[in-house]
Amino acid sequence: MSKIIDFQTDPSKYRHWRVEYDGPVANLYMDVDENGGLFDGYQLKLNSYDLGVDIELADVVQRMRFEHPEVKVVVMRSGKDNVFCAGANIRMLGGAAHAHKVNFCKFTNETRNTYEAAEEDSGQKYIAAVKGACAGGGYELALACNYIMLTNDSSSSVALPEVPLLAVLPGTGGLTRVTDKRKVRRDRADVFCSIEEGVKGQRAVDWRLVDEVVPNSKFDEVVAERAKEFAANSSKADVEKGIELTPLTRSFADDGSVSYSLVEVAVDRNANTATITLKGPDQDVPADMDAAQALGADLYLLRLARELDDAILHLRLNERKVGLVVFQTQGDPEAVLAHEKLLLDNADHWLANEILKYWKRVLKRVDMTSRSLVALVEHGSCYAGVLAELLWAVDRSFMMLDEFDGDNRHMATVTLSDSNFGTFPMSNDLSRLETRFLGEPQQVEKLKSSIGEPLEAEDAEELGLVTYAYDDIDWEDEVRIFLEERASFSPDAMTGMEANLRFAGPETMETRIFGRLTAWQNWIFNRPNAVGANGALQRYGTGQRGEYDMERV
Amino acid sequence: MLDLINVSYDTQIPNNVGLSQDKKVLKALEKWHPGYINWWNDLIPQNFQESMVYLRTAVSVDPKGWAKFDYVKMPEYRWGVLLAPQVEDRRIPCGEHFGEPAWQEVPGEYRNMLKRLIVIQGDTEPGSVEQQRFLGLTAPSLYDMRNLFQVNVEEGRHLWAMVYLLQKYFGRDGREEANDLLVRSSGSEEAPRMLGAFNEETPDWLSFFMFTYFTDRDGKMQLESLAQSGFDPLSRTCRFMLTEEAHHMFVGETGVGRTIQATVEAMNKAGIDDPYDTDKIRNLGVIDLPTIQKKLNLHYTLSLDLFGQEVSTNAANAFNAGIKGRYMEMRIDDDHKLTNDTYKVLDLEGDMIVEREVPALTAINMRLRDDYVRDAAGGVGRWNKIIEKAGIQFEMKLPHQSFNRKIGVFANKNFDPDGKMVSGAEYDKGLQEWLPTHADGDFIQSLMKPVYEPGKYASWIAPPKVGIDNKPGDFEYVKLHMA
């Protein structure tokens, strides 16, 4: 699986999904093209999916927010008879390298989280209208919706058959959402998650697995009715028109480097390192949100978010040996703050809201990236407001102290804004500053008095906003030695250590999915009982069962 | 009517499973039985419920007991629970447990797979009765009406047999599935039967004969492979069901044969030798041979779909688990495990039909379908003998397996009955020649007038050569209740 995976798509290229817009209601049909798999060697039968299918879904969800803000209810349904969705394609999983499986699951998890949060973030409510088999990843798709309707035809059921059938877990949030979101009683959850056939009809409601069962003959009618009802009761403001998410400008170099309009990704494959440089604004702040909307996808903070998002995904899937990602920024911090201020001041404007919520997701994507992350605060940088969040998303940060010989860029500073105090919560539902100062909550309060003040290295280090500040004499060696040392550690130990240290504080459903569920799933994905030559995943489809080593570990 | 309060299960329900001593199953059947009787009563038109029908009842599994003929009202038919006698030291005949003693209880690890197979099989049994519920109103003779009802009550008994297994061996889940068998209903918008072919209408008697010949033959093949099950109670149940299934196919084969017989006799009598002289032939009150061929095409291809995907994980799992074997498993000379074997399946490469070797385990469905195709060819040959004997130039043919398919690699592709891929336009045009049109349906319907006089037959069908239970030609097989 060495081909480049592109996360950019648009409706003209979709092979697996289609959307019918009907005023405030959008009908989202999953109709997977069997022969449209991302890789060779498997067919996407019965609406099963692979990463390619999910990339399209992520695109649909994103465009729903920006291009169709008039939509208040999205009805997710199947374009096929007799099957809603059979989940992730087993042959694809069986044939995929471990790293691909892990990245696939991570991306699908992020997509599920995105549309699950769409109701709270943007007032777009997702309904799953389930007709036909809805198993494994199919039920996980439905679980991430805000409301689940199941037809009562005495054969359609919802099921999580992974454990009995494949010896793996429902790892795209399945186990967690059953207990934490649907709040299914644990013994019933235990029954549900260990039977292949799932649960149908009234019992699915009684067990809280779905919200409603509907007589089969009235299914479409009731679904349409419910969608209308939810749309009418929605508090989402009416928005006439969205903006178009135009294609990104980007080019790839042979050495793996990628250039966007505001983001440069320099890849050094020998050093297993990538440097992501974010540029400050290249345009004036629009006078108001109307002017901002007129700029559309060209608006600085939106364009930057899209490019950074794409760069992160590209590195995750296509540059898997890059173990260390270095963040840099270059530009005018004042201008960054001014662009951000327009959004913060107009947070009730739909587009401002969408862009801020998008930054929340992109920053979470950074948090969740299993690479060593470091930020360099050099002279000429613009770590202000939203971009300062990167400093607390990374594992370590280094800042230039005092003037550097022959460097005439403006002095390195860090500038806090209101947004650093709650606009971009992490998956643990705390701000990055709250997480950073978990043991000294008073520090967060204290930092509020520094809002808007460009903090130079000494102050930034003193206030705990960066790890180390180095002057001209130390900088080069200290940074080099750190980078070299970091790149030499075991990538497994690094991933494990970082994932544990990054998410201090309370558990949420999201941290449980990305922590507990994912970690167990990834362990199972390494165990012979699942992936060995005679494991259940490899044997699936051959007729022979997996052979299990019955030792409990 | 059956006294539902005081059912004496050992007398009302012929059984060889010690029903009256089995408290668990008794309790379950007591709850299920009223629902079943309601289902039956709501199904068949009332005057037939009250009629005395000369039916065969199985009261035991020995040669003397399995075919007792007498007049009975259908709701009082004694639906028995009968298993073929236990074979001593029976072994699992296939899969990874090959050679181990057959299971007398459900193995926990295969609970779901077994249950699903039994539910699907069970779902087809009442399905066909539902499809045929109104045919009594247009029966071409009392003989045929009696055959219809015989098939119906036996399908009902087969439902009982599956329900018994669900209730006896699958605990609470099994009871719920048994109840759902009475909830789903053929063609229902609310809760249709599980398999497509059992939601199609059986609009006329020729369809009924085609159905019993082709679709019940799929049932036979499924029962044959379930009769090989390592789960002994399922095997024994299916083995006994097969004795009855044979009669259903007899009804189908002779029904189509007698229809053909009437057609060629009428043609000869009128001096018509061109089988395509449709209007003239139809004016004789018989069904022209090309229309019979179209019906054959339809029912044969619908039945092929029942075998599922050519390459199937579920079928592989079931075989390897030893819960579903192949047709005549015991007579096949191989290791009965198939872990290293391959089997040829039909596949598509572009527009070309090719044969491809695939792991034999995954091709279990295809193999059973191949056996079916061979099995189904026999009757067609006998039909052609009738035509040949009458001196008419026409040959009935099984269409190619790629034609008119909704499941498998050929699904929704434009193949003609010879297996040639044709353009969309050619296909649309050809369909009128290949499958029954609405106009054909209108014509056949026009012939569907009941004939209720003993010994008399509708114009479009010839009398049988021999009566049921060797009864004479004018025997009153159904004493109609004319309220």
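Labels below follow one simple rule: chain letters A, B, ... track the order of the sequence lines, proteins then strands, and each chain is numbered from 1.
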Trainee: Which pairs, with at least one residue in residues 189-214 of chain A and sequence neighbours excluded, count as a ring-ring contact (aromatic ring centres under 6.0 Å, His included)?
Mentor: A:Y139-A:F192
Trainee: Using non-hydrogen atoms and a 4.5 Å limit, figure out which bit of A:N82 sits close to chain B: side chain, backbone, both or neither.
Mentor: neither
Trainee: Which of residues 524-535 of chain A have a heavy atom under 4.5 Å from any heavy atom of chain B?
Mentor: none
Trainee: Does any non-hydrogen side-chain atom of A:C193 lie less than 4.5 Å from one of A:V163?
Mentor: no
Trainee: Strictly by modelled atom types, are B:E224 and B:Q228 linked by a side-chain donor-acceptor pair under 3.5 Å?
Mentor: no
Trainee: Side chain, backbone, both or neither: which part of B:E190 has an atom under 4.5 Å from a heavy atom of chain A?
Mentor: both
Trainee: I'd like to know if the side chain of B:D305 and the backbone of B:K406 have a donor-acceptor N/O pair within less than 3.5 Å.
Mentor: yes
Trainee: Just by distance, do the side chain of B:W32 and the backbone of B:R175 share a donor-acceptor pair under 3.5 Å?
Mentor: no
Trainee: For each of B:T339, B:V119, B:V183, tally heavy-atom pairs with chain A at distances under 4.5 Å, and name the one with the top tally.
Mentor: B:T339
Trainee: In terms of heavy-atom pairs under 4.5 Å, which option from B:L361, B:D173, B:V311 contacts chain A the most?
Mentor: B:L361
Trainee: Does the side chain of A:Q544 pick up a donor-acceptor pair with the side chain of B:N320 at under 3.5 Å?
Mentor: no
Trainee: Centre of B:F307's six-membered ring, under 6.0 Å away, within 45 degrees of the axis: is that where NZ or CZ of B:R369 sits?
Mentor: no
Trainee: Just by distance, no angles: are the side chains of B:T342 and B:E357 close enough, under 3.5 Å, to form a donor-acceptor pair?
Mentor: yes
Trainee: If you tally heavy-atom pairs under 4.5 Å against chain B, which of A:E197, A:K200, A:E196, A:R539 wins?
Mentor: A:E197
Trainee: Would B:Y110 and B:H97 count as having a side-chain donor-acceptor pair, cut-off 3.5 Å?
Mentor: yes
Trainee: Would you confirm whether A:E212, through its side chain, and A:I148, through its main-chain N or O, come within 3.5 Å as a donor-acceptor pair?
Mentor: no
Trainee: Considering only heavy atoms, which portion of B:K337 lies under 4.5 Å from any heavy atom of chain A: side chain, backbone, both, or neither?
Mentor: neither
Trainee: Quick one: what part of A:S154 sits under 4.5 Å from any heavy atom of chain B, side chain, backbone, both or neither?
Mentor: both
Trainee: Between chain A and each of B:M194, B:K115, B:E109, B:R116, count heavy-atom pairs under 4.5 Å; write down the option with the most.
Mentor: B:E109
